[in-house]
2 protein chains.
Amino acid sequence: MAVTLADVAARAGVSAATVSRVLSGNYPVAGATRSRVLRAVEELEYVVNGPASSLAAATSDLVGVLVNDIADPFFGIMASAVQSEMEPEKAGGKLAVVCNTGGSPERELTYLTLLQRQRAAAVVLTGSAVEDPAHTEALSTRLRRLAAAGTRVVLCGRPPLPEADGDSGRDGEKDAVDGGAPLTVAFDNRGGARRLTGHLLALGHRRIGYVAGPAERTTTRHRLEGHRAALADHDRALLAEAERLTVHGAYDRSSGYDGTLELLRREPGLTAVLAANDTVALGVCAALREAGLSIPGDVSVAGFDDLPFSADASPALTTVRIPLHDAGARAGRLALGRESAPPGGVATVRTELMVRASTAAPRANQPAAQAG
Amino acid sequence: MAVTLADVAARAGVSAATVSRVLSGNYPVAGATRSRVLRAVEELEYVVNGPASSLAAATSDLVGVLVNDIADPFFGIMASAVQSEMEPEKAGGKLAVVCNTGGSPERELTYLTLLQRQRAAAVVLTGSAVEDPAHTEALSTRLRRLAAAGTRVVLCGRPPLPEADGDSGRDGEKDAVDGGAPLTVAFDNRGGARRLTGHLLALGHRRIGYVAGPAERTTTRHRLEGHRAALADHDRALLAEAERLTVHGAYDRSSGYDGTLELLRREPGLTAVLAANDTVALGVCAALREAGLSIPGDVSVAGFDDLPFSADASPALTTVRIPLHDAGARAGRLALGRESAPPGGVATVRTELMVRASTAAPRANQPAAQAG
DNA sequence: CTGTTAGCGCTTTCAA
DNA sequence: TTGAAAGCGCTAACAG
């Protein structure tokens, strides 16, 4: 039915092998022959059969990119960056397969299987990992098998996998074969959160609410840890309050809204609210406004990530910038083997505090004499 | 190297064919045999070789989704919806391949070729099309070939392809084979824009600036047409001004910003600015604020699309809602053949005017006595 | 219900 | 520099 290599070969008066060599370009072919073949390809509108060539060559040009939520710019930016590294011009037409896990661990595993089935050349897992031990175990297993099957695995925006316990001795040999643990591009969420809370503390805030992400995510935990570390640094007494002033929710707008209402209920004297990310911060602002509170007059608000809309929010959002594009691009290059692995296999990208209009000193700037 | 069907067959003491049948599940196999096979699969950690099975079966479970900008929620939402229709539970593990064209016609064609090479089961093209005749021609050709090769083609958020000239007679036969023109889920951009401008006009605005998208896009053109139709409806004299009060830019924040500055230069008496979409509107608001103009006190602003952040903007953005998720889901179902084609092959989804706080009557609401 | 037998279209030694 | 031939791993008739 469709035009095949053989058809092209016949038309060009050469063997199929020659056509294959011309097309893959990694083998010397006489100039005249080559152009004859190319012409035949044109005339017949020949398009390589990917599955057939993947089968024969035992490789594929698919690269999987797993994201929690493709409609969220946080992931969109990373996915776009990963893909930008495999543009046809740059990397011989690799195809990025963006898979939307919706944050579900099962779907994550399912997609990984699907990708393994496609014999993907590489897989990039973006965003926070779910910290359930059973899932971590299952995930490690899957990734190990993928790696063993020759698929490059890269983590972007999540910490390296925990070490598999107890068999490091045996692994020595295997590592040499499959390249060992997945390469990682991690974000300094902890440091960013710490600086952000430090900024609020320096402004004089003491009653700081925190609308955190889902409890079992690495990103959530790291940001929360950074927040509390800053609190502890400043005054250990603040730490006692921290628990009460923290609520958890999804990484979306409505969690910010609902969470803020809850926080206000628990502590009407709140002078600042920290959000799990910028999207959540939008919800926080909405709830605050509806409660008749001005930002930052009555309450300061800050987000995390510095998504494009954050600078344009009104007031412009104080947040922590993560170089998502750079990180994604780097992950893409690692996935294609176009960049050498960082020392230890883990590259941590810096985060940067972006102070904007949504944070200011609390109205009655009393130096927390009572609490301290 | 890797475990193959034959290995599983040997282990289970059956033929390869039987294993294949158990795995694909579309053929009767005795219960006992089935479980024996399944156990062997488990024990050997067997994962089907996708390329091999695609080759043999002459089908693939890849579905391509072309987007202009994956980091833009407008596309993210559609892509997510398309993909949600092929969750493993719903449609036997189809893999959505999201391809980022960056709005480049060449890349669009390149990805289409790549997808054809993979023998994709379907392809969904989202968002506005570039209106260059040469590109339209090239695109039609590609899509025709894809369809001829058995790939389902669906357009989502763009108008149906213009009819190929002159060979409709001959096509009769071909249509029966490849299903004819691509199925289309189109947006009523024109109607939405018309209602939006109508809304401003009703409020009393007469000097309305328009920051349009890139000139050669269908979406841009349709929205602009709707805008001008509303102007003409109200008072043909306004049409004369329209040209002068329109600037073009990309669908991003900075075009809104720059465009507004330019509009203000051309017409300091502007009482309203319409943006190509919500993202652009954010830039418009920023520029206005920096110019010391209040929204909507001095100038009203409206966007298009109703992306999630729009309701939370401050002031909340008046805009035109497009049911992006529904549209994407529908496109996904059409792509998988799980929903029958709409009459004529084109489904137009309604758009809805969302009036919020960013638009209000102009300060000095003079009934345009001078112009009318 | 299960096994046998051909390929699917391409890549890749191995010769020439 | 080119051709011949042997698969890659799986599916799909076709028997039985």
Side-chain angles (χ1 to χ4, degrees), chain A residues 1-38 40-41 44-62 92-93 114 116-121 149-150, chain B residues 1-38 40-41 44-62 92-93 114 116-121 149-150:
Chain A
M1 198 182 80
V3 179
T4 72
L5 239 208
D7 298 329
V8 177
R11 174 117 189 179
V14 297
S15 73
T18 301
V19 177
S20 171
R21 295 198 262 249
V22 169
L23 261 23
S24 55
N26 48 19
Y27 205 88
V29 174
T33 314
R34 132 174 277 95
S35 48
R36 203 139 34 89
V37 168
L38 259 15
V41 167
L44 297 173
E45 298 175 358
Y46 172 68
V47 175
V48 181
N49 182 315
S53 84
S54 290
L55 172 58
T59 62
S60 121
D61 45 12
L62 256 40
L114 245 28
Q116 180 174 354
R117 169 183 303 186
Q118 298 296 336
R119 302 300 188 255
Chain B
M1 196 182 79
V3 180
T4 72
L5 239 208
D7 298 329
V8 177
R11 174 119 189 178
V14 298
S15 73
T18 299
V19 177
S20 171
R21 295 198 264 249
V22 168
L23 263 24
S24 55
N26 49 18
Y27 207 88
V29 174
T33 315
R34 135 174 274 97
S35 49
R36 204 139 35 87
V37 168
L38 258 15
V41 167
L44 297 173
E45 298 176 357
Y46 172 68
V47 176
V48 181
N49 183 315
S53 83
S54 290
L55 173 56
T59 62
S60 122
D61 46 13
L62 257 41
L114 246 27
Q116 179 174 355
R117 167 183 305 186
Q118 298 296 334
R119 302 301 189 252

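Chain letters run A, B, ... following the sequence lines, proteins first and then strands; every chain starts at 1. Only heavy atoms go into these numbers, but all of them, side chains included; no hydrogens, no water, no symmetry mates.
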Side chain [X], main chain [Y], donor-acceptor under 3.5 Å:
X: R36(A); Y: A12(A); value: yes
X: T18(A); Y: V14(A); value: no
X: T33(A); Y: V29(A); value: no

Review point. Hey, does the side-chain of R119(B) have a donor or acceptor N/O within less than 3.5 Å of a partner on the base of dG9(C)?
Key: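 Looking at the base of dG9(C), it does not pair with any donor or acceptor on the side chain of R119(B) (distance under 3.5 Å).
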
Write down the distance between [atom1] ([X]) and [atom2] ([N]), rounded to a whole number of angstrom.
X: R21(A); N: dT13(C); atom1: CZ; atom2: P; answer: 11 Å
X: Y27(B); N: dG3(C); atom1: OH; atom2: P; answer: 12 Å
X: L5(A); N: dA5(D); atom1: CG; atom2: P; answer: 17 Å
X: R36(A); N: dT1(D); atom1: CZ; atom2: P; answer: 14 Å
X: N26(A); N: dC10(C); atom1: CG; atom2: P; answer: 16 Å
X: R34(B); N: dC1(C); atom1: CZ; atom2: P; answer: 10 Å

Check your understanding: Mapping V14(B) and L55(B) to their closest nucleotides on DNA chain C, which lands nearer the 5' end?
Key ->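 That would be V14(B).
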
Study note, to complete from the structure: Residue pair A57(B)/T33(B) against DNA chain C: nearer the 5' end by closest nucleotide is T33(B)

Looking only at the side chain of [X] (C-beta and beyond, no hydrogens), which of the listed nucleotides [options] gets closest?
X: A56(B); options: dT2(C), dG9(D), dT2(D); value: dG9(D)
X: A17(A); options: dG9(D), dT2(C), dT12(C); value: dT12(C)
X: A52(A); options: dT2(D), dG3(C), dG9(C); value: dG9(C)
X: T4(A); options: dG3(C), dG9(C), dG3(D); value: dG9(C)
X: N49(A); options: dC10(C), dT11(D), dT2(C); value: dC10(C)
X: P28(A); options: dG9(C), dT2(C), dT1(D); value: dT1(D)

Practice item. Looking at every strand, decide which applies to A58(B) at a 4.0 Å heavy-atom threshold: base, sugar-phosphate, or nothing. Key: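 Nothing: the residue A58(B), judged by heavy atoms under 4.0 Å, touches no strand.
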
Practice item. Select base, sugar-phosphate, or nothing to describe what V19(A) touches, counting heavy atoms under 4.0 Å on all strands. Key: nothing

[X] vs [N]: side-chain N/O to OP1/OP2 distance below 4.0 Å:
X: S53(A); N: dG9(C); result: no
X: S15(B); N: dT2(C); result: no
X: T18(B); N: dG3(C); result: yes

Check your understanding: Under the criterion side-chain contact (heavy atoms from CB on, under 4.5 Å), which of V22(B), V19(B), V8(B) is the partner of L38(B)?
Key -> V22(B)

Point to revise | Worked verdict on T59(B) versus S54(B) for side-chain contact (heavy atoms from CB on, under 4.5 Å) | key: CA-CA 5 Å; T59(B) 62; S54(B) 290; 5.7 Å; no

